[in-house]
Amino acid sequence: MSTVSVLSRGCAKIHSEAELEAKLALGRPLRIKLGVDPTAPDIHLGHGVVLTKLRDFQDAGHEAILIIGDFTAMIGDPSGRSATRPQLTHDQVLANAKSYQEQAFKILDHERARIVFNGEWFEAMCFEDVIKLNSRVTLQQMLVREDFRERLDKGLPIRAHEIQYPIMQGWDSVMVRADVELGGTDQLFNIMVGRDLQREEGQPQQVAMTMPILEGLDGRQKMSKSLGNYIALNEPAGDMFGKIMSVSDALMARYYDILLREPMPADAHPMDAKKELARRITARFHDETAAARALEEFNTRFSARDLESAELPGYAPGLARDFVSLVVEAYAQCFSVTRSRSDARRLIEGGSIQWRGEKVTDSKTVLEAGETGVLRLDKTRAVRVG
RNA sequence: GGGUAGGUACCGAAGUGGCCAAACGGGGCGGACUGUAAAUCCGCUGGCUUACGCCUUCAAUGGUUCGAAUCCAUUCCUGCCCA
């Protein structure tokens, strides 16, 4: 079994290290809990940070308990939220849960992981049970949290169900008798509630291990599905690579720290450092070959600006050959991006579209039948027509 | 239950009878510059058979008006104060 230092690598905070050492000294596999709420179909790099830590524990011989919050997802974690989350139906949640698991196993060892749905116990509770559970925490405890405090100050609504969330997450810990709970630093409060409930149930209290929050592509807010600033684990290699390349230098340093757990090379050119970062992360979630190809593709396409020899999706125009139609169709067919014709017109007039390396700024331009070439849609997207 | 302030586009926020598809800011998108970086600058940010034209939007429904996001009625929703 590994030492505390290996397991605590990359952690933001452990509450407490002494307790963790004591648990490890028990000499039995510990139950390491991580809860995820399937509120969207994708798992992203931010989740990856915590999942990787869970994997560390697996590798050290401990038991990973991945709790799929099919019930808690219907509430939505209010942590760090300035507004109530939209509520999902149980069916939506279950559909998301399926793809969640597939992605989670890119990091976790399938063989040694236990998957539990928390609906298993919450579904069975009656209202009396809920009341009893609620009687154990005070409203004040829930309300001192910054996210609620802020809403209170701003006069924004806090719905009664939202304050149930930490209680439910805490109850999960009781139900699986967790020894350690992992989460982002924003989860500390929720994890602590779990400790309280465990104590009341006469269980040994779990150790709280929090991981730093990964900033999203914008570099300002945390990586999250609802903000759309994320890189999904199941993203195609090329996209994953590209998204990392578009990140700011400051963020790159954070990604080195958090994702690779090593400092950014100080002497390298920032762009080379970024390519290396992108290559390694892409390799982690795909493989070395795919990562190498993504790098090569990036070089020809962006560094050398050679669209002609780049790997582009092919697009066969339909009957309409005016550029507005071409742009709309190409976006839809090759990139699943919906653009209105007005939108396409704006793009053309805004100088985004290039045909065979020449800007096309007149939205009335029509392509001759049989013409082939590269149609550039925007900075990152282009198709081969013909 | 009573009082009161509100519900405007992705978000915040103007507008309180025509000049409003709706100021301004943020965000987002596109362009220039670059290292697909940051910073900066410029443009765009309802839809349509390609448009100084038309259609749908200012919580919902109905109404008053030549004409409403703006006035009236009802309904739904939220904050605050009181009970």
Side-chain angles (χ1 to χ4, degrees), chain A residues 81-87 148-160 162 215-221 224-231 235 238-256 264-265 268-279 282 294-307 310-312 318-331 335 337-354 357-367 375-382:
Chain A
R81 286 279 170 156
S82 57
T84 307
R85 285 175 178 262
Q87 291 192 292
F148 285 151
R149 177 92 276 148
E150 195 183 291
R151 282 204 242 167
L152 233 32
D153 291 345
K154 288 187 180 169
L156 296 168
I158 298 170
R159 325 225 60 125
E162 295 184 80
E215 288 85 353
L217 297 171
D218 53 70
R220 321 197 92 146
Q221 294 178 279
S224 93
K225 293 157 282 192
S226 36
L227 292 172
N229 59 355
Y230 67 100
I231 302 176
E235 204 133 344
D239 292 352
M240 185 178 274
F241 192 98
K243 282 191 180 180
I244 295 169
M245 288 309 292
S246 74
V247 128
S248 78
D249 289 0
L251 232 207
M252 162 170 65
R254 286 281 292 167
Y255 280 15
Y256 260 96
M264 186 176 96
H269 184 285
M271 195 188 54
D272 293 328
K274 208 175 284 176
K275 282 180 180 172
E276 178 61 7
L277 174 75
R279 194 192 60 73
T282 307
L295 171 63
E296 200 180 316
E297 183 63 15
F298 181 88
N299 283 335
T300 64
R301 193 156 161 188
F302 297 106
S303 300
R305 295 172 193 232
D306 179 9
L307 275 183
E311 278 180 39
L312 302 176
L319 288 176
R321 306 193 74 96
D322 60 286
F323 269 70
V324 172
S325 302
L326 294 178
V327 169
V328 171
E329 283 173 27
Y331 265 114
F335 303 103
V337 173
T338 310
R339 297 222 103 116
S340 68
R341 311 195 98 244
S342 305
D343 218 356
R345 213 166 277 127
R346 279 184 218 118
L347 282 175
I348 293 172
E349 283 157 14
S352 177
I353 276 63
Q354 285 177 17
E358 300 286 320
K359 269 194 187 181
V360 176
T361 52
D362 182 358
S363 56
K364 290 174 186 162
T365 312
V366 175
L367 188 66
L375 177 68
R376 194 196 91 135
L377 298 170
D378 57 47
K379 208 192 286 198
T380 60
R381 287 176 280 228

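Lettering of chains follows the sequences in order, A, B, ..., and the numbering in each one begins at 1.
When each of B/rU78, B/rC48, B/rG35 is scored by its nearest atom to the side-chain atoms of A/H269, the top-ranked nucleotide is B/rG35. For A/S342, whose side chain is taken as the heavy atoms from C-beta onward, the closest listed nucleotide among B/rC44, B/rG35, B/rC48 is B/rC48. Taking only side-chain atoms of A/R220, from C-beta outward, the nucleotide of B/rU49, B/rG27, B/rG47 with the closest atom is B/rG27. Taking only side-chain atoms of A/M271, from C-beta outward, the nucleotide of B/rU36, B/rC29, B/rC48 with the closest atom is B/rU36. Among the nucleotides B/rG31, B/rU36, B/rC44, the one closest to any side-chain atom of A/S352 is B/rG31. Relative to the side chain of A/F302, the nucleotides B/rU36, B/rU50, B/rG35 differ in distance, and B/rU36 lies closest. When distances run from any side-chain atom of A/R159 to the nucleotides B/rG30, B/rC48, B/rU78, the shortest one goes to B/rU78. In the set B/rU49, B/rA37, B/rU36, the nucleotide with an atom closest to the side chain of A/R305 is B/rU36.
Here, B/rU61 and B/rC11 have their C1' atoms 28 Å apart, quoted to the whole Å. A distance of about 32 Å separates the C1' atoms of B/rC80 and B/rG63, rounded to the whole Å. For B/rU4 and B/rG18, the P atoms lie 28 Å apart once the distance is rounded to whole Å. The gap from the P atom of B/rG67 to that of B/rC48 amounts to 30 Å, rounded to the nearest Å. One C1' atom belongs to B/rA14, the other to B/rU70, and the distance between them is 13 Å to the nearest Å. Comparing B/rA51 with B/rG47, their C1' atoms sit 12 Å apart, to the nearest whole Å. Taking the P atoms as reference points, B/rG53 lies 36 Å from B/rG6, given to the whole Å. Using C1' as the reference atom, B/rG12 and B/rG28 are 15 Å apart when rounded to the nearest Å.
When atom types are taken as modelled, the side chain of A/R339 and the backbone of A/A330 share no donor-acceptor pair closer than 3.5 angstrom.
Applying the 3.5 Å distance criterion, the base of B/rG35 shares a donor-acceptor pair with the side chain of A/D249.
Both A/R341 and A/M252 sit near RNA chain B, but only A/M252 has its closest nucleotide nearer the 5' end. The residue among A/S248 and A/R339 whose nearest nucleotide of RNA chain B is located toward the 5' end is A/R339.
Taking a pair to require two hydrogen-bonding distances under 3.5 Å in either a Watson-Crick or a G-U wobble arrangement, B/rG18 pairs with B/rC66. B/rU61 and B/rA73 make up a base pair, with Watson-Crick or G-U wobble contacts both under 3.5 Å. Checking B/rC52 for Watson-Crick or G-U wobble geometry (two distances, each under 3.5 Å) identifies no partner in any strand. Base pairing of B/rC41 is made with B/rG31, judged by Watson-Crick or G-U wobble geometry with both donor-acceptor distances under 3.5 Å. With both pairing distances under 3.5 Å, B/rC24 is matched to B/rG12 as a Watson-Crick or G-U wobble pair. With a cut-off of 3.5 Å on both pairing distances, the Watson-Crick or G-U wobble partner of B/rU78 is B/rA5.
Checking the phosphate oxygens (OP1, OP2) of B/rG47, a side-chain nitrogen or oxygen of A/S340 falls inside 4.0 Å. For the OP1/OP2 pair of B/rA38 and a distance below 4.0 Å, the side-chain nitrogens and oxygens of A/K274 include no atom meeting the criterion. In this structure, A/R301 does not reach the B/rU36 phosphate: none of its side-chain N or O atoms is under 4.0 Å from OP1 or OP2. OP1 or OP2 of B/rA32 has at least one side-chain nitrogen or oxygen of A/K359 nearer than 4.0 Å. Phosphate contact (OP1/OP2 of B/rG46, side-chain N/O of A/R345, threshold under 4.0 Å): absent. For the pair A/K364 and B/rA51, the criterion of a side-chain N or O lying under 4.0 Å from OP1 or OP2 is met.
A distance of 8.5 Å separates CG of A/D343 from OH of A/Y331, quoted to the nearest 0.5 Å. Here NZ of A/K364 is found 8.5 Å from CD of A/E349. Values are rounded to the nearest 0.5 Å. Between the CZ atom in A/F241 and the NZ atom in A/K274 there is a gap of 11.0 Å [rounded to 0.5 Å].
Under 3.5 Å, the side chains of A/S325 and A/R341 contain a donor-acceptor pair of N or O atoms.
Regarding A/R346, its CZ atom lies at a distance of 9 Å from the C1' atom of B/rG47, rounded to whole Å. Atoms CE (A/M240) and C1' (B/rU36) sit 17 Å apart, rounded to a whole Å. Atom P of nucleotide B/rG28 and atom CG of A/D218 are separated by 7 Å, given to the nearest angstrom. If you take CG of A/L217 and C1' of B/rA38, they are 15 Å apart, rounded to a whole angstrom. Note: CE (A/M245) to P (B/rG35) measures 12 Å, nearest angstrom. Taking atom CD on A/E276 and atom C1' on B/rA37, their separation rounds to 17 Å, with Å as the unit. Atoms CD1 (A/I231) and P (B/rU36) sit 17 Å apart, rounded to a whole Å. To the nearest angstrom, P of B/rG30 lies 12 Å from CZ of A/F335.
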Given the rule in the side-chain contact (heavy atoms from CB on, under 4.5 Å) test, do A/V324 and A/I348 qualify, once you have shown the distances and angles that lead to the verdict? CA-CA 8 Å; A/V324 172; A/I348 293 172; 4.0 Å; yes
Begin from the C-alpha positions of A/R301 and A/L307 and carry the test side-chain contact (heavy atoms from CB on, under 4.5 Å) through to its verdict. CA-CA 6 Å; A/R301 193 156 161 188; A/L307 275 183; 3.8 Å; yes
Stepwise side-chain contact (heavy atoms from CB on, under 4.5 Å) check, A/M245 with A/K275: CA-CA 7 Å; A/M245 288 309 292; A/K275 282 180 180 172; 3.6 Å; yes
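The pair A/E150-A/K154 meets the salt-bridge criterion, since a charged nitrogen lies less than 4.0 angstrom from a carboxylate oxygen.
If you check every strand for non-hydrogen atoms under 4.0 Å, A/P157 touches sugar and phosphate atoms only. Residue contacts shown for A/G351 are limited to sugar-phosphate atoms, with no base heavy atom under 4.0 Å away. Residue contacts shown for A/R376 are limited to sugar-phosphate atoms, with no base heavy atom under 4.0 Å away.
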